[in-house]
Amino acid sequence: MMYAGILSDYAVTPMAAGSMANFSAVDNGQSALRYVEHPFGLPEGCMASLFDRDALSDFVGEKGHGLTFFEKLAVASAWPALILADIDPADPEVACIVSTTKANVELIGTEGFTTADVAARRIAGALGLHRRPVVVSNACISGLAAQICAMRMIRSGVARYVVVTGADAQSRFIISGFQSFKALSADACRPFDKDRCGLNVGEASATIVYAATPGDADEWILAEGAIRNDANHISGPSRTGDGAYACLRALESVAAGKPAFINAHGTATVYNDEMEAVAINRAGLGDVAVNSLKGYFGHTMGAAGVLETIMSKYSADAMTLLPTRGFSESGVSVPLQVSARHRQLPPVKSFVKLMSGFGGCNAAALFRKGGTDESIY
């Protein structure tokens with residue numbers, strides 16, 4: 001059996017360029033979140049993690065010629081990841097998946113606007129990829145759903161390599177939408193904390209290149225993935241965590257042996273954090289360590305599932321659970337093993353990434369060291 005192994009990765013955020021650079025910053029307690037007085041001309045300020053757009057364009061250089069900011073953002077992580085993977089992007093066995101929730105939405109009403117499929121083709125063209133790209137746009141689970149799609153493509157023999165790129169640019173449209181829900185916090189977000197009062201938005205670009213592999217003991221593979229929709233509400237999560245619970249239960253290896261930790265969605269909204277806590281406990285994982293990375297990067301939307309997987313992989317290799325920044329005292333109704341401090345771990349063999357989003361969508365994936373059935377640490 002061939003597995004989907006992580007061949008290379010690269011992350012670009014307002015905090016740093018490069019996966020290790022971002023991990024080191026987070027490991028040292030840094031955050032890219034800053035208070036923005038009038039984001040995109042809006043009257044109400046918010047905490048956010050936003051790029052200097054000129055600096056990002058300079059970073060991309062000639063590869064970004066003729067591209068929109070969102071498209072440049074995607075290329076910013078995909079091109080270095082391809083270089084690190086040392087594969088020919090023109091190889092017909094190289095597929096591409098672009099994860100985004102909004103793509104070029106900030107350009108609606110202008111001549112520069114393109115739909116997501118057109119934007120993805122332009123991104124692929126800038127990277128020299130010949131196969132028509134796939135777009136995954138399923139609210140906040142997009143980045144994880146895209147990786148699960150890559151796993152299925154490799155296992156079915158559709159592709160030997162899959163470049164999964166997640167990116168989103170914030171805009172007046174997005175921020176005003178969250179403000180209308182009263183979902184944004186004027187302060188740094190506090191995932192799972194009793195005083196949490198909303199999320200912070202962020203921008204990022206993150207890419208993982210997956211390759212077909214027999215699953216050697218020293219490489220990370222995406223072993224299992226599940227996507228479920230509980231159809232609870234257009235924007236509100238299930239109070240009983242039905243969709244997230246169904247995803248966790250679908251991961252057969254988790255039932256056989258608990259992962260070292262769960263990297264949760266952890267947006268710091270009242271209902272999301274409660275829902276995840278309930279789902280984790282219902283799945284019998286209430287004693288497993290849990291963290292959220294939103295206090296470092298903000299909610300990066302289409303990039304979140306990819307970026308947070310990369311950070312979790314580096315965390316697992318370092319045998320440490322990254323702290324949940326902003327957490328102090330639990331504010332969920334069931335026991336949850338969240339910590340505001342680093343937690344040292346034994347050698348990690350597996351971890352779970354959990355995501356949820358608008359419309360009742362949920363996703364979970366088990367990442368494992370090697371292709372064996374051992375999933376405990």
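Here the two rings, on W220 and F351, have centers that are under 6.0 Å apart. Taking the six-membered ring for Trp and the full ring otherwise, the centers of F173 and F178 sit at least 6.0 Å from each other.
K194 has no carboxylate O lying under 4.0 Å from a charged side-chain N of E274, or vice versa, which leaves the two without a salt bridge. In this structure, D317 pairs ionically with K369, as a charged nitrogen and a carboxylate oxygen lie closer than 4.0 Å. Between D242 and R282, at least one side-chain N (NZ, or NE/NH1/NH2) sits under 4.0 Å from a carboxylate O, which counts as a salt bridge.
Within the 3.5 Å criterion, the main-chain N or O of A21 finds no donor-acceptor partner in the side chain of S24. Side-chain atoms of E224 come within 3.5 Å of backbone atoms of E252 as a donor-acceptor pair (strictly under, hydrogens ignored). Side-chain N or O atoms of N200 include none that pairs as donor or acceptor with a backbone N or O of G298 at under 3.5 Å. At least one donor-acceptor pair closer than 3.5 Å links the side chain of S205 to the backbone N or O of L73. Side chain of N281 to backbone of P335: a donor-acceptor contact under 3.5 angstrom is found. Within the 3.5 Å criterion, the main-chain N or O of R122 finds no donor-acceptor partner in the side chain of E71. Although no hydrogens or angles enter the test, the distance criterion places a donor-acceptor pair under 3.5 Å between the side chain of Q170 and the main chain of G202. Between the side chain of N104 and the backbone N or O of G112 there is no donor-acceptor pair closer than 3.5 Å. Between the side chain of N229 and the backbone N or O of G359 there is at least one donor-acceptor pair closer than 3.5 Å. Between the N232 side chain and the P237 main chain, a donor and an acceptor come within less than 3.5 Å of each other.
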Does the pair F192 and L336 meet the rule for a side-chain contact (heavy atoms from CB on, under 4.5 Å), with working shown?
CA-CA 9 Å; F192 300 107; L336 201 66; 3.5 Å; yes

For L56 and D52, run side-chain contact (heavy atoms from CB on, under 4.5 Å): C-alpha distance rounded to whole Å, both residues' side-chain angles, the deciding distance at 0.1 Å, then the answer.
CA-CA 6 Å; L56 190 282; D52 177 321; over 6 Å; no

T100 vs D168, side-chain hydrogen bond (donor to acceptor under 3.5 Å, both in side chains): CA-CA, chis, key distance, verdict:
CA-CA 6 Å; T100 181; D168 261 316; 2.7 Å; yes

Test side-chain contact (heavy atoms from CB on, under 4.5 Å) applied to R325 and V26, step by step
CA-CA 9 Å; R325 197 173 195 274; V26 171; over 6 Å; no

Verify side-chain hydrogen bond (donor to acceptor under 3.5 Å, both in side chains) between Q147 and Y210, making sure each step is shown before the conclusion.
CA-CA 9 Å; Q147 293 179 73; Y210 282 97; 2.6 Å; yes

Step by step, would you call K294 with T267 a side-chain hydrogen bond (donor to acceptor under 3.5 Å, both in side chains)?
CA-CA 6 Å; K294 297 298 190 292; T267 61; over 6 Å; no

Decide yes or no on side-chain hydrogen bond (donor to acceptor under 3.5 Å, both in side chains) for N272 and S356, but give the supporting numbers first.
CA-CA 8 Å; N272 174 87; S356 61; 2.9 Å; yes

Go through it in stages, so that I can follow the logic: the residues are K258 and D287, the test is salt bridge (charged side-chain N to carboxylate O under 4.0 Å, His left out), and I'd like the CA-CA distance, side-chain angles, deciding distance and then a yes or no.
CA-CA 9 Å; K258 293 179 179 178; D287 57 344; 2.8 Å; yes

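Considering every non-hydrogen atom in both L33 and V201, the closest pair reads CD2-O, 4.2 Å. Between L321 and A289, the shortest heavy-atom contact is CD2-CB, 3.6 Å. Nearest heavy atom pair, residue V75 against residue L67, reads CG2-CD1, 3.8 Å. Of all non-hydrogen atoms in V348 and F261, the two that sit nearest each other are CG1-CE2, 4.4 Å. Minimum interatomic distance between Y296 and Q30 (heavy atoms only, all atoms of both residues): CD2-O, 3.0 Å. Nearest heavy-atom pair, I148 versus A364, reported as atom, atom and distance to 0.1 Å: CD1-O, 3.8 Å.
Rounded to the nearest 0.5 Å, atoms CG (L7) and CG (L84) are 9.0 Å apart. Of the inter-residue distances, the one linking M355 atom CE with I227 atom CD1 reads 11.5 Å to the nearest 0.5 angstrom. Taking CD1 of I87 as the reference point, atom OG of S8 lies at 7.0 Å (rounded to 0.5 Å). Taking CE of M311 as the start and NZ of K313 as the end, the distance is 9.0 Å to the nearest 0.5 Å. Here the straight-line distance linking atom CD of E93 with atom OH of Y161 works out to 7.5 Å at 0.5 Å rounding. Here M47 contributes atom CE and L199 contributes atom CG; the two are 12.0 Å apart, rounded to the nearest 0.5 Å.
Between C96 and V98, the closest side-chain pair of non-hydrogen atoms falls below 4.5 Å. You'll find the side chain of S49 stays beyond 4.5 Å of the side chain of R34, heavy atoms only. Between H299 and C140, some side-chain heavy-atom pair lies under the 4.5 Å cut-off. For the pair M275/N362, a side-chain contact is recorded, criterion being any heavy-atom separation below 4.5 Å from C-beta on. Between P347 and M319 there is a side-chain heavy-atom pair separated by less than 4.5 Å. Residues D9 and T207 are not in side-chain contact: their nearest non-hydrogen atoms beyond the backbone lie 4.5 Å or more apart. Looking at heavy atoms from C-beta onward, K353 lies in side-chain contact with E308 at the 4.5 angstrom threshold. At a threshold of 4.5 Å between non-hydrogen side-chain atoms, the residues R155 and M2 do not count as touching.
Judged by a 6.0 Å distance limit and a 45° cone about the ring axis, R190 is not positioned over the six-membered ring of F327.
S99 is linked by a side chain to side chain contact (heavy atoms under 4.5 Å, CB included) to S142, A146, counting only residues two or more places apart in sequence or in another chain. Judged as a salt bridge (Lys or Arg N to Asp or Glu O under 4.0 Å), and not counting sequence neighbours, K102 has no contacts.
Ring-plane geometry between Y314 and F23 is classed as tilted, the angle between the planes lying from 30 to 60 degrees on a 0 to 90 degree scale.
Linking Ile, Leu, Val, Met, Phe, Trp and Tyr residues whenever their side-chain heavy atoms come within less than 4.5 Å places F40 and L107 in a single cluster. No path of Ile, Leu, Val, Met, Phe, Trp and Tyr side chains, each step under 4.5 Å between heavy atoms, connects L293 with L50, placing them in separate hydrophobic clusters. By the criterion of side-chain heavy atoms lying less than 4.5 angstrom apart, applied directly or through intervening Ile, Leu, Val, Met, Phe, Trp or Tyr residues, V163 is grouped together with I83 in one hydrophobic cluster. No chain of hydrophobic side-chain contacts below 4.5 Å, direct or via other Ile, Leu, Val, Met, Phe, Trp or Tyr residues, connects L82 to L307. Cluster annotation: F367 and I141 are assigned to the same hydrophobic cluster (Ile/Leu/Val/Met/Phe/Trp/Tyr, side-chain heavy-atom contacts under 4.5 Å, transitive).
Summarising the local packing, CZ of F59 is surrounded by more than 12 heavy atoms from other residues, nucleotides or ligands at distances under 6.0 Å. Counting heavy atoms of neighbouring residues, nucleotides and ligands inside a 6.0 Å radius, atom CG of D86 does not exceed 12 of them. Residue R132 qualifies as open at atom CZ: its count of foreign heavy atoms under 6.0 Å is 12 or below. Around CZ of R131, the count of heavy atoms belonging to other residues, nucleotides or ligands within 6.0 Å exceeds 12.
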